[in-house]
Amino acid sequence: ANEGAGEPLPMMDLSEACILAMGGMCGAADSGASKHNFGEVQQSKFSHLRSDAAQMACKTLTSVKNGTAALLPSVLIGALGESLVVPALRLTLAMARNGHFEIRAELARSGMIVPVCDILQHSLSSGEQYTFSVAVAIVKFCGPCLILDRSSNGSIAALQNCIQTLSCVLMMPESGGEDVNRRQTRLALKNEALRTLEALSSNEALHGSLIDVFPSLAEFLIQLDGSAEMGTDDMVCSALKTIRSIISLPSSSPSSSVAVEGMIFSLVKILNNSHCVEKVDNNRKREVSLELLHAIALGKSDGIANNDRGSSLLAHGVLESVASLLGEGTGLSAKMTHLGLDIVEFIVAGVESSSTTNPSTHFDNPSMGDAILRRFVEGMARQEPFLRALIATMIAKNDSKFTISPLYGTPLLLPLDPAEAESINLLFRIASILCSDVIGVGKESFFHAFLLKDLRGAADTVSLASCVFLGILNDEVDGICVPQQNPADRSFFLAVKLPMIRSVLLGALSSSLDECMASSDNVSRTHAETLIHEFHIPQLCLRFCGSKQVFQAAFDLYENVVLQLPTDVLADLLLADKSSLVALFDLVTGQNDTSAYNDYDGHSKQTFALTLGNLAKVGALSTAVERFGVRNNAIAALSAAMQG
């Protein structure tokens with residue numbers, strides 16, 4: 001320029017050109033104005049060059065010399081002219097997008113967060129979508145890098161206001177009569193807001209503000225799941241992941257509690273709607289939904305008080321939704337199955353702790369406890385496929401040589417052996433609740449599921465399931481189903497739950513074995529006889545006949561099945577060990593350690609005495625008496641039989 005001509009230099013144009021050139025070198029030219037992909041890092045063969053350029057540009061624009069402020073914030077607020085704001089904004093995004101973490105942290109420390117957040121809010125209100133998208137992407141990249149200190153107070157406050165703005169974006173109402181392009185644009189804005197909130201959740205300084213957006217997230221999830229727009233499945237997954245990032249943050253806010261309640265409703269709706277369609281997106285939605293419910297259930301969110309979580313999940317239909325999903329089993333991964341079982345187990349634990357039938361717990365409101373129990377029983381009574389899946393899993397874990405028709409369905413897909421053991425423990429606890437139901441709905445539903453009453457020719461399968469379950473319950477000390485933490489729970493288990501379930505299983509075994517033995521099919525008879533030998537059914541009957549609570553069921557099995565065996569076979573089974581022979585003598589003499597004998601009728605005593613007589617007739621009894629050295633027991637039993 002000719003200074004003598006008095007023509008000023010075009011400084012604004014030169015400055016804009018410089019900023020645009022720097023932006024181009026940093027990769028700003030790759031950001032399409034309508035792609036809504038500003039928040040995504042894209043790798044290419046020039047990425048390392050852009051990273052180097054971003055580092056040099058950042059050093060130039062954020063350096064502080066001689067106490068002067070960094071240049072970048074001044075440009076973004078328009079101090080050098082309004083025409084430089086958008087180019088500077090694009091340059092800032094290019095540096096953040098293509099630079100490494102240290103560059104983003106340096107940008108955040110420069111103070112540019114404040115003007116960027118102001119630009120974000122202004123562009124949203126004025127409808128400048130491109131500028132809004134660029135500003136949101138900058139916040140997404142740089143907001144997580146901001147550290148709370150005295151120099152960053154203004155930036156932290158700006159981010160907190162930005163979070164509220166983004167939550168308002170999520171709450172934008174949807175209108176069915178709108179143009180498709182406008183609806184797609186709004187969905188894109190909401191998606192950008194979601195991803196930014198998810199990124200900001202990694203900054204501890206913003207946790208308090210993020211908790212306050214729970215209501216917006218819950219409402220958005222409800223709106224989104226009901227939308228039929230293309231691409232909303234991806235947005236549902238993104239929303240769920242965002243919520244998963246935020247939900248673990250501690251909060252006692254009443255609004256958060258209400259939002260979590262709404263979120264449970266939304267998650268149940270997502271799970272219920274995903275049953276019918278087989279798509280990858282459905283599995284993604286189901287998995288993240290289960291993760292969120294798992295986080296809520298197991299206390300990773302303080303949105304609901306711990307004592308109320310179980311009843312809240314139950315009231316919102318979580319039990320039915322998750323159990324139905326597990327019972328269906330289609331397309332579920334081992335992780336999803338494990339998450340679902342954990343959720344059901346948490347609800348079961350809540351029912352157990354609130355039940356007035358359990359003296360080891362102290363519940364302040366008995367009527368509420370009964371209501372929770374009834375709600376659980378009614379819900380689980382409708383989940384027969386889930387119950388049968390648990391039973392199938394238990395049978396599959398059994399290492400016996402038996403092969404039967406998979407009438408209970410497909411076993412649950414679980415990751416490791418401990419998870420399989422947990423599923424059996426859960427089956428026992430559910431069965432205990434259902435079978436203790438005084439109105440009978442629970443017991444009837446469990447019987448229907450376990451006995452396969454809707455299927456013909458199921459006796460072989462039911463008999464094996466009964467034997468396997470009884471075998472698992474044999475260990476009363478360290479068994480899978482024995483409570484190990486609370487002595488009171490352990491005592492209640494041994495005194496009430498275990499005898500109750502044993503009686504149920506003995507009854508099922510009696511009816512199923514009786515059907516097998518009476519069958520004209522040699523395969524069924526052979527199956528029954530093999531079960532009797534392998535699981536030592538005669539010895540089992542004698543042991544349980546010594547228990548007052550289990551006596552009737554054990555005696556019915558003994559009379560209906562065991563006594564139908566040939567005497568020589570019965571002799572081989574009963575006289576194989578000393579304990580069985582002594583137990584038989586004690587049942588005749590009434591020398592049991594329990595008071596069960598006081599409730600015997602003459603028929604049962606005569607039945608046991610008749611067994612001894614039959615064994616004596618074939619010469620097996622005397623040999624066993626001599627071999628085991630139990631002559632005194634035999635004399636006492638003979639005397640008691642004669643007096644009877």
Side-chain angles (χ1 to χ4, degrees), residues 322-323 325-329 332 334 336-338 340-345 348-349 380 383-435 442-443 445-455 458-476 478-484 493 497-513 527 530-531 534-537 540 553:
V322 174
L325 187 67
L326 295 175
E328 176 190 301
L332 296 185
M336 293 166 68
T337 304
H338 200 192
L341 288 179
D342 271 356
I343 294 168
V344 175
E345 191 278 334
V348 168
M380 188 56 69
Q383 302 305 322
E384 190 169 289
F386 171 63
L387 291 173
R388 289 183 174 176
L390 289 175
I391 298 168
T393 305
M394 175 191 68
I395 296 175
K397 182 176 172 60
N398 177 54
D399 295 328
S400 74
K401 59 186 179 182
F402 296 94
T403 56
I404 56 170
S405 301
L407 300 182
Y408 286 110
T410 305
L412 296 172
L413 179 62
L414 292 168
L416 298 170
D417 285 343
E420 293 178 348
E422 291 167 8
S423 70
I424 296 173
N425 177 279
L426 181 60
L427 172 63
F428 176 85
R429 293 164 68 184
I430 292 174
S432 300
I433 296 174
L434 294 179
C435 292
K443 183 179 292 187
S445 65
F446 182 75
F447 280 0
H448 195 275
F450 193 88
L451 297 176
L452 298 169
K453 287 190 172 184
D454 54 329
L455 300 175
D460 290 5
T461 304
V462 174
S463 58
L464 177 60
S466 303
C467 288
V468 171
F469 210 164
L470 284 167
I472 290 171
L473 297 179
N474 269 338
D475 187 351
E476 300 180 8
D478 299 314
I480 293 173
C481 300
V482 182
Q484 301 295 335
F493 167 84
K497 290 184 176 181
L498 183 59
M500 176 178 61
I501 298 303
R502 276 178 173 165
S503 294
V504 170
L505 296 175
L506 288 169
L509 183 59
S510 178
S511 61
S512 57
L513 282 180
H527 171 80
T530 307
L531 280 179
E534 290 291 325
F535 288 95
H536 311 292
I537 301 303
L540 196 72

| message | Apply side chain to side chain contact (heavy atoms under 4.5 Å, CB included) to residues K443 and V504 and explain how you reach the verdict. | response | CA-CA 9 Å; K443 183 179 292 187; V504 170; 5.6 Å; no
| field | Pair V348-I433, side chain to side chain contact (heavy atoms under 4.5 Å, CB included): steps then yes or no | value | CA-CA 9 Å; V348 168; I433 296 174; 3.9 Å; yes
| Audit row: F493, S432, side chain to side chain contact (heavy atoms under 4.5 Å, CB included) steps and yes/no | CA-CA 10 Å; F493 167 84; S432 300; over 6 Å; no
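The two residues V462 and L451 come nearest to each other via the heavy atoms CG2-O, 3.6 Å. Closest approach of A421 to I480, counting heavy atoms only: O-CG2, 3.2 Å. Closest approach of L326 to G340, counting heavy atoms only: CD1-C, 3.8 Å. Residues A396 and P411 share a closest heavy-atom pair of CB-CG, 3.9 Å. When every heavy atom of L414 is checked against every heavy atom of A419, the shortest pair comes out as CD1-O, 3.7 Å. Of all heavy-atom pairs between L509 and C467, the closest is CD1-SG, 3.6 Å.
The closest side-chain heavy-atom distance from S466 to L531 is not below 4.5 Å. Looking only at side-chain heavy atoms (C-beta outward), L434 and F447 stay at 4.5 Å or farther from each other. Residues L540 and N474 form a side-chain contact, since some pair of their non-hydrogen atoms from C-beta on lies under 4.5 Å apart. Two residues are said to be in side-chain contact when any heavy atoms from C-beta on lie closer than 4.5 Å; L426 and I430 meet this criterion. For the pair L387 and Q383, the minimum side-chain heavy-atom distance is 4.5 Å or more. V468 is not listed as a side-chain neighbour of K397, based on a closest heavy-atom distance of 4.5 Å or more. Side-chain contact between F386 and L390 is present, with heavy atoms from C-beta onward closer than 4.5 Å. Between E384 and D454, some side-chain heavy-atom pair lies under the 4.5 Å cut-off.
The distance from the CG atom of L505 to the CE atom of M500 is 10.5 Å, given to the nearest 0.5 Å. The CD atom of E420 sits 10.5 Å away from the NE2 atom of H338 when rounded to the nearest 0.5 Å. Separation of atoms CG (L473) and CZ (R502) is listed at 6.0 Å; rounding is to 0.5 Å. One finds the CD1 atom of I501 at 8.5 Å from the CG atom of L427 (value rounded to the nearest 0.5 Å). A distance of 10.5 Å separates OG1 of T530 from CZ of F535, quoted to the nearest 0.5 Å. Taken from OG1 in T393 to CG in L413, the straight-line distance is 9.5 Å, to the nearest 0.5 Å.
Judged by distance alone, the side chain of S463 and the main-chain N or O of S512 form no donor-acceptor pair under 3.5 Å. The main-chain N or O of G507 is never found under 3.5 Å from a side-chain atom of S510 such that the two would form a donor-acceptor pair.
Under the ring-ring contact (aromatic ring centres under 6.0 Å, His included) criterion, F446 pairs with F450, sequence neighbours left out.
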